[in-house]
Amino acid sequence: MNITGKSAAPGVVLGSIYIYNKKFIIPKESFLNRDERQSHLDRYLLIKEQAKTELEELKISLQKIDPAKAEIFGAHQEIVDDITINEEIPARILSDLWSGDWAIFQVYETIITVLKQTADSLISERSDDFDDVRALLLRLWYGQKNERLSSLKDPVIIAAYDLKPSDTASFDKNKVLAILTETGGVTSHSAIIAKSYGIPAILGIEGLLSLVKQGQQAAVNATEGTVILDPKDDIVTEYNIKNKDFLRDREEAFTYMDKEGLTSCGVKIDIGINLSDCDSENDLKNYVDMAGLFRTEFLFLGRNTLPSEEEQFISYKKVLENYGQKPFVLRTLDIGADKLLSCMDNKSDESPFSTNRGIRFCFNNPGIFKTQIRAALRASVYGNLWLMLPMISSLDCIRKAKKLISDVCLELEKEGIPVALFKTGIMIEVPSIALISAFAAKEVDFASIGSNDLCQYVCAADRADSADAGYYQSYHPAMFHLIKEVTGSFLQEGKPISICGELGSDPLVVPVLIGLGLRKLSMGGASIAPVKRTIASLTIEKAQQIAQEVLQLQTAAQIEEYQKNR
Ligand code: PEP
Ligand code: MG
């Protein structure tokens, strides 16, 4: 059987399917015969012990690498043993004849509801812990497998409805051959993570989870967006050859890794890396001129408490030291949309198209913003800090954010804490600021074009929603006209301008960007070598000619066609 979706990261692999389906199980209300009561009670007591063992294993495995997360699992063990719960569940089974799963669901539900209604946020946040423990107990009740990607044993092709940054935060990239999802556009965060790890990915596969089976063999051509289930021998042979060709091409591109980003006419293009955490891809720093985007969200995601100033300071210090005097663009918290905090009730903002995110979320939560800025500025003395503000839409936003930053500077000065010279810049990802980039360029030290979000707001199409895919057009002519405008504005002011969205690593688009005047491109680690290879094959004159031709084209399809055939 053949299935198709959108190619989000290239590659060809063969392997077995691992279905990652974390959908929460809601049991049906059901009642027991009197003689079934004891077996349900015994089963509850048994899974309770299994839950504690599982939590203990998790706690131990995390104690060294992430003590904060290990602590969470310790708290979950206490919930499993909670006295009230353990009086209530047996009572409901024995006296009210509730089935075990219904009793678990309802008893926890009562507690979760009460906690959620508490005004004290520290207490209401605890409802998430009870929710997690309930999900664990019900999973064990139904005998379902542990759905943590961190515990993958053999390399597999992950098939999921969706992958959120909190899912991918913990997985071992060597255990993931390919990613297939039902949802997700090509610039969704799951796509970005897959691409930066060099994992082949196909997103937006309609009905995927009803088409595949656990352990089923699959041949994935993520370059073309096709999957063949249960491939016959001839397909296996063909895909083995394709896989070798792909790896050979990747190796050939890799020979450019340690070269500079130089055009064949000798013009230097600065290459940056986009980082989504503190530890991975450390080894790549020698191959780039800057860290062009450090997404700080990883520190905040998948946990029930906010990271403290000290915790953030330690992380920022580590990465700043790592990059030495190379510019290090630390983007302030871009939470909201498809990156939600477990510890805050902003679930209503879950649409990637949501606009309560980035700097706006920070303005609404100034305490969180100030803590982050304090941590970043304290770390500034360890490297070359460029602070970058996401979701800026007006000069008012720039001024308000700069005022908050300067308040923090004064506060630190009063406390005698040293702060090194740093730059303040913005992401250009909202059309309103792109259109007045000439004004914005006078107010900030630098900018970076966030083409992923810029495209979703320019085209009015959700970047993570596969249903909108026809409208989300990365090659929309408006994108290239805007990029030209923004680049011109910043160059005019003599201020650094880069691109850190996915367009900046698209080999078809790189010549256009250079032709439009960009000299700084930042991208995921896996794109560095191929982009350097593309740059090496280019002269500025040729790039300018390509850009001029693209600017004359009127539709995304025409631009794509032109790029593929030139
Ligand atoms: C962008 O929007 O282009 C960008 C780089 O930021 P993110 O993908 O993290 O939203
Ligand atoms: Mg963005």
Side-chain angles (χ1 to χ4, degrees), residues 58-75 125 150 165-166 168-170 196 273-286 288 290-335 339 341-344 361-362 365-390 404-405 407-409 411-424 525:
L58 271 169
K59 196 172 83 178
I60 293 170
S61 69
L62 282 168
Q63 242 144 17
K64 280 215 179 77
I65 42 175
D66 193 341
K69 271 203 187 124
E71 225 173 86
I72 295 171
F73 294 118
E125 278 163 17
S150 55
S166 53
T168 49
S170 60
S196 78
I273 184 165
N274 293 348
L275 299 168
S276 294
D277 65 59
C278 249
D279 298 311
S280 52
E281 300 182 312
N282 262 342
D283 43 331
L284 298 185
K285 64 172 187 286
N286 299 324
V288 293
M290 58 183 176
L293 169 64
F294 178 56
R295 293 183 167 99
T296 54
E297 295 79 60
F298 77 95
L299 275 170
F300 295 74
L301 293 170
R303 53 188 287 166
N304 292 331
T305 51
L306 290 165
S308 65
E309 179 184 322
E310 199 55 26
E311 185 182 342
Q312 291 187 61
F313 165 72
I314 291 168
S315 297
Y316 302 156
K317 171 176 181 278
K318 183 171 163 187
V319 282
L320 276 160
E321 273 176 342
N322 204 10
Y323 278 79
Q325 278 320 299
K326 290 182 181 176
F328 190 91
V329 180
L330 185 151
R331 181 176 71 184
T332 60
L333 189 57
D334 187 16
I335 221 73
K339 293 176 284 190
L341 293 182
S342 322
C343 54
M344 290 191 75
F361 174 89
C362 288
N365 297 277
I368 297 180
F369 186 60
K370 281 197 154 190
T371 303
Q372 180 173 44
I373 300 297
R374 273 184 68 93
L377 296 190
R378 279 175 57 200
S380 64
V381 291
Y382 297 96
N384 183 0
L385 175 68
W386 294 29
L387 263 187
M388 179 158 74
L389 309 163
L404 287 170
I405 295 169
D407 287 349
V408 173
C409 277
E411 210 175 274
L412 290 170
E413 198 183 314
K414 271 196 203 131
E415 291 170 37
I417 298 174
V419 174
L421 272 183
F422 65 95
K423 289 191 193 300
T424 308

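Contact of the V408 side chain with the L404 side chain is not registered, since no non-hydrogen atoms from C-beta on lie closer than 4.5 Å. Between P390 and T332 the shortest side-chain heavy-atom distance falls below 4.5 Å. Side-chain contact between R295 and N274: present, with at least one pair of heavy atoms (C-beta onward) separated by less than 4.5 Å.
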Practice task
Give the C-alpha distance, both sets of side-chain angles, the deciding distance and a yes or no for side chain to side chain contact (heavy atoms under 4.5 Å, CB included) between L293 and V329.
Solution key: CA-CA 5 Å; L293 169 64; V329 180; 5.6 Å; no

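For the residue pair L387 and A376, the shortest heavy atom distance occurs at CD2-CB, 4.2 Å. Of all heavy-atom pairs spanning D334 and E297, the tightest one is N-OE2, 2.9 Å. Taking all atoms of both residues into account, the shortest heavy-atom contact from A375 to E309 is CB-O, 3.5 Å. Between T371 and S308, the shortest heavy-atom contact is CG2-C, 4.4 Å. What you find for T424 and F422 is that their closest heavy atoms are OG1-CE1, 3.4 Å. Annotation for T296 and R331: closest pair OG1-O, 2.9 Å, computed over non-hydrogen atoms.
Here R378 pairs with E310 in a salt bridge; the nearest charged N to carboxylate O distance falls below 4.0 Å.
Around atom CD of E321, more than 12 heavy atoms belonging to other residues, nucleotides or ligands sit under 6.0 Å away.
In summary, of the residues considered (K326, K423, Q325), a side-chain contact (heavy atoms from CB on, under 4.5 Å) with N384 occurs for Q325 alone.
Summarising the geometry, atom CG belonging to L275 is positioned 5.5 Å from atom CZ belonging to F328; distances are rounded to the nearest 0.5 Å. Atoms CD1 and CZ, from I405 and R374 in turn, are 14.5 Å apart once rounded to the nearest 0.5 Å. Interatomic distance, CG of L389 versus CD1 of I373, reported as 7.0 Å (0.5 Å rounding). From F294, atom CZ reaches atom CG of L385 across 11.0 Å, with rounding to the nearest 0.5 Å. Residue F298 holds its CZ atom at 6.0 Å from CG of D277, rounded to the nearest 0.5 Å. Expressed to the nearest 0.5 Å, how far CG of L377 lies from CZ of F313 amounts to 11.5 Å.
Here the side chain of S380 pairs a donor or acceptor atom with the backbone of A420 at under 3.5 angstrom.
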